2 protein chains.
Amino acid sequence: MFGSYTIKDIAKALGLSTSTVSRALNGSYEIGAETKKLVLEYAEKVNYRPNPIALSLKEQKSHSIGVVVCEVANNYFSQAINGIESIAYNSGYHVIITQTHESAAREATNVQHLLSRHVDGLLVSVSASTTDITPYQYLHDKGFPIVFFDRVAQAVNTHKITANNIKGAFDLTEHLIANGFTRIAHITSSRNLLISSERLEGYKEALQKYNLPVQPEYIKHCENGGMIQDEVEMALQELMTLPERPQALISTSDRITTTCIPIIKRMGFKIPDDVAFAGFTNSDVSESFDPPLTVLRQPAFQMGQMATELLIKTIESKRPIYEYQNELVDTELIVRKSSLKLA
Amino acid sequence: MFGSYTIKDIAKALGLSTSTVSRALNGSYEIGAETKKLVLEYAEKVNYRPNPIALSLKEQKSHSIGVVVCEVANNYFSQAINGIESIAYNSGYHVIITQTHESAAREATNVQHLLSRHVDGLLVSVSASTTDITPYQYLHDKGFPIVFFDRVAQAVNTHKITANNIKGAFDLTEHLIANGFTRIAHITSSRNLLISSERLEGYKEALQKYNLPVQPEYIKHCENGGMIQDEVEMALQELMTLPERPQALISTSDRITTTCIPIIKRMGFKIPDDVAFAGFTNSDVSESFDPPLTVLRQPAFQMGQMATELLIKTIESKRPIYEYQNELVDTELIVRKSSLKLA
DNA sequence: TAAAACTATGCAATCGTTCCCGAAGTGCAT
DNA sequence: ATGCACTTCGGGAACGATTGCATAGTTTTA
């Protein structure tokens with residue numbers, strides 16, 4: 001606080017020692033009732049608030065958690081951060097957010113930076129270009145609390161919160177198949193990302209269930225996670241000029257989904273008449289799209305909350321933790337016009 | 001850092017005192033060349049990083065700035081936060097974000113919370129329901145650095161970054177008038193907000209310039225800033241059942257703009273045939289809307305950057321500042337189909 | 001040659017808090 | 001009356017870093 005009182009001020013004002021004041025404030029049993037009352041009342045009067053910085057130094061805990069995401073200006077992540085903040089705030093932690101912009105190098109320096117700030121734990125969603133996860137492994141081996149959410153580093157055996165990506169992509173694909181589409185293309189993010197392969201997996205499973213062929217030329221990866229407009233454009237270009245053009249597209253990344261729509265239109269295709277579309281996104285305006293978008297929505301807010309709860313529990317755990325949770329949360333398929341039944 | 005070295009460790013390892021090590025690290029001239037080299041090399045070797053918490057305690061500076069916004073999951077604010085982070089990160093500050101959800105009470109506790117965390121300054125965009133700005137006035141009078149952005153507390157004489165709201169709303173309105181609309185309604189946020197009255201002002205100016213009447217029944221305020229679906233629905237309901245129904249609507253708040261579209265459609269009106277629409281929003285998918293939305297875009301990222309630069313300059317200023325900047329940044333009108341010329 | 005000046009380093013206080021340890025005071029049993 | 005336990009409180013170290021001042025050693029200067 002500004003011009004705030006310290007324990008020393010209170011001690012001086014009351015003619016007590018700092019130790020006594022500290023103990024009275026912390027409700028220690030070895031302080032006399034009147035003294036305690038005196039201190040408490042005075043502290044209340046001057047609106048005493050312990051200095052969190054001094055506490056951090058003493059306790060060797062910063063009461064802050066570091067967050068690593070690709071960008072905040074993203075539907076999924078801004079909602080997840082909302083969830084993260086809500087839990088952290090109520091637990092007395094503050095949140096330091098860093099953005100990778102899908103760069104592995106940036107991610108590495110962000111982690112360094114967060115560590116140098118002595119965060120008590122890390123909440124991370126790796127970037128699309130991250131391949132080296134040894135820093136996380138190293139930290140985790142040393143007992144440093146890390147929780148991955150959404151984009152997890154599979155090899156690191158720690159807490160993870162992910163959407164049920166396989167089922168989500170399966171549902172999305174099955175929905176298109178049910179609507180009569182057989183040639184369904186799949187546009188996804190970087191191969192490095194587990195979410196990409198899981199979502200691809202779900203897509204393949206659905207095709208196989210309905211005895212449809214999995215055609216490699218129908219599968220496109222955007223290695224920069226859609227951060228570069230050109231890579232999405234290129235993928236669409238290649239797909240839509242195929243001899244056997246796909247009848248439907250599914251996109252399995254938030255940014256790619258929203259990027260696709262104007263490109264498809266600019267190419268002169270009508271959705272869903274020329275090509276149907278459905279994709280993963282947490283945009284809350286997908287209903288207002290032209291056409292209204294069929295989307296697969298992840299519970300971003302809840303995922304942020306769950307990850308934060310787990311992280312804080314890990315941080316505050318007295319004994320080291322060796323049992324790690326791997327939470328799988330359900331997605332929500334919202335069917336709209338963009339994936340309309342084939343005439 | 002994890003298992004990180006302290007100055008004390010270095011001192012012990014090198015048989016020096018902590019003062020010498022500290023001075024060597026800070027390049028003090030009064031340290032012998034070899035000693036300095038020795039310390040520097042050892043520090044490099046063990047990857048020494050000064051403990052920011054200890055530094056904060058010593059310097060009485062937390063190197064953190066508090067941010068008060070209504071919500072992160074909002075196009076404008078997530079982009080602004082992106083700008084804030086970018087500057088803060090490079091200046092060695094970290095950012096603590098708090099959300100008001102448009103509640104004045106929540107805002108007050110957020111500010112309290114940030115102060116108790118000893119932030120070095122505040123970046124604030126007040127909530128839609130905030131009327132009491134005395135806490136800000138009090139802090140500012142005490143010399144505490146505050147920069148307002150977007151939603152400013154007019155009465156507090158400090159740095160402010162705002163979009164040119166009057167001109168923005170004027171441009172938007174003039175554009176509709178130029179397209180042949182004369183009965184233009186205005187849906188805006190809370191009356192408490194200066195941005196609301198400025199945008200209303202720009203709207204009125206445009207009407208007056210073209211000799212069109214300013215009709216009070218065409219002006220609707222959403223006191224909760226569009227956080228409540230019902231208030232937007234109610235406003236639209238009242239407008240669209242007016243004997244002389246408006247031909248066009250302008251919305252001057254990001255959230256209200258995106259909320260309006262599905263409601264208007266659900267009411268059975270086609271845009272722009274039954275009613276044209278244009279609004280303030282920083283959504284980056286407004287092009288994909290049905291119909292593509294005519295929008296007024298604020299340079300959110302830059303505004304975040306400017307505000308943060310100003311704040312940090314104020315924080316780090318040696319002498320107290322009495323000259324406050326009031327930056328006005330230009331908006332961008334993007335014309336699309338939703339405001340199409342009246343047939 | 002002795003004093004002055006300068007160099008290079010160490011000591012200790014400080015920031016705000018906690019906590020170990022010691023000590024004074026009281027009450028009670030022996 | 002003496003010892004012991006218990007209650008209640010204070011002293012001071014510690015967390016990690018900076019910094020004014022002291023000090024020891026060396027060099028310069030009168």
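The figures that follow rest on heavy atoms only: side chains count, while hydrogens, waters and symmetry mates do not. Here the structure is a predicted model, which is why all the values come from computation and not from measurement. Residue numbers begin at 1 in each chain, while the letters A, B, ... track the order of the sequences.
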### Task
Please confirm whether any donor atom in the side chain of B:R49 sits under 3.5 Å from an acceptor in the base of D:dG16, or the reverse.
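Such a pair does not exist between side chain and base.
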### Query
Checking only heavy atoms, does the side chain of B:S19 share a donor-acceptor pair with the base of C:dC11 at less than 3.5 Å?
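Indeed there is one.
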Within this structure, what is the [atom1]-[atom2] distance for the pair [X] and [Y], rounded to the nearest 0.5 Å?
| X | Y | atom1 | atom2 | value |
| --- | --- | --- | --- | --- |
| B:I161 | B:T308 | CD1 | OG1 | 9.0 Å |
| A:I97 | A:I81 | CD1 | CD1 | 4.0 Å |
| B:N110 | B:L115 | CG | CG | 10.5 Å |
| B:D150 | B:K160 | CG | NZ | 13.5 Å |
| A:I84 | A:F77 | CD1 | CZ | 9.0 Å |

Using whole Å, what does the distance between atom [atom2] of nucleotide [N] and atom [atom1] of [X] come to?
| X | N | atom1 | atom2 | result |
| --- | --- | --- | --- | --- |
| A:I31 | C:dC19 | CD1 | P | 13 Å |
| A:I10 | C:dT18 | CD1 | P | 11 Å |
| B:Q60 | C:dC15 | CD | P | 8 Å |
| B:I7 | C:dA12 | CD1 | P | 18 Å |
| A:Y48 | C:dT18 | OH | C1' | 10 Å |
| A:L55 | C:dT18 | CG | C1' | 8 Å |
| A:L25 | D:dC9 | CG | P | 14 Å |
| B:K61 | D:dT18 | NZ | C1' | 15 Å |

### Query
Counting only N and O atoms by type, is there a donor-acceptor contact under 3.5 Å from the side chain of A:S190 to the main-chain atoms of A:N224?
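No; zero donor-acceptor contacts below 3.5 Å.
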### Message
Between A:S317 and A:K313 (side chain of the first, backbone of the second, donor and acceptor by atom type, cut-off under 3.5 Å), is there such a pair?
### Response
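Judged by distance alone, no pair lies under 3.5 Å.
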Within the structure shown, what part of the strands sits under 4.0 Å from [X] by heavy-atom distance: base, sugar-phosphate, or nothing?
| X | value |
| --- | --- |
| A:L57 | base |
| B:T6 | sugar-phosphate |
| A:I53 | nothing |
| A:T35 | sugar-phosphate |

### Task
Between B:E59 and B:V21, name the one whose nearest nucleotide on DNA chain C is closer to the 5' end.
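Counting from the 5' end, the first nearest nucleotide belongs to B:V21.
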#### Entry: Residue mapping more 5' on DNA chain C - nearest nucleotide basis, B:K58 or B:L16
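By nearest-heavy-atom nucleotide position, the 5'-most residue is B:L16.
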Show the distances under 3.5 angstrom between N or O atoms of the protein and N or O atoms of nucleotides 5-7 of chain C.
none

### Task
Flag yes if more than 12 heavy atoms outside A:E316 fall under 6.0 Å of its CD atom; otherwise flag no.
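More than 12 within 6.0 Å, yes.
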### Query
Do the numbers put A:R151 on top of the ring of A:Y76, so that NZ or CZ is under 6.0 Å from the six-membered ring centre and no more than 45° off the axis?
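No.
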Could you write out each protein N or O paired with an N or O of nucleotides 25-27 of chain C at a distance under 3.5 Å?
none

Hey, is the side chain of [X] poking within less than 4.0 Å of OP1 or OP2 on [N], counting only N and O atoms?
| X | N | answer |
| --- | --- | --- |
| A:N51 | C:dC15 | no |
| B:T20 | C:dG10 | yes |
| B:K8 | D:dC15 | yes |

### Minimum-distance nucleotide to A:T18 side chain [options: C:dT18, C:dG10, D:dT18]
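Looking only at side-chain atoms, A:T18 lies closest to C:dT18.
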### Message
Please evaluate residues B:T162 and B:I195 with respect to the criterion side chain to side chain contact (heavy atoms under 4.5 Å, CB included), reporting the C-alpha separation (whole Å), side-chain torsions for both, the decisive distance (0.1 Å), and the verdict.
### Response
CA-CA 8 Å; B:T162 49; B:I195 53 170; 5.6 Å; no
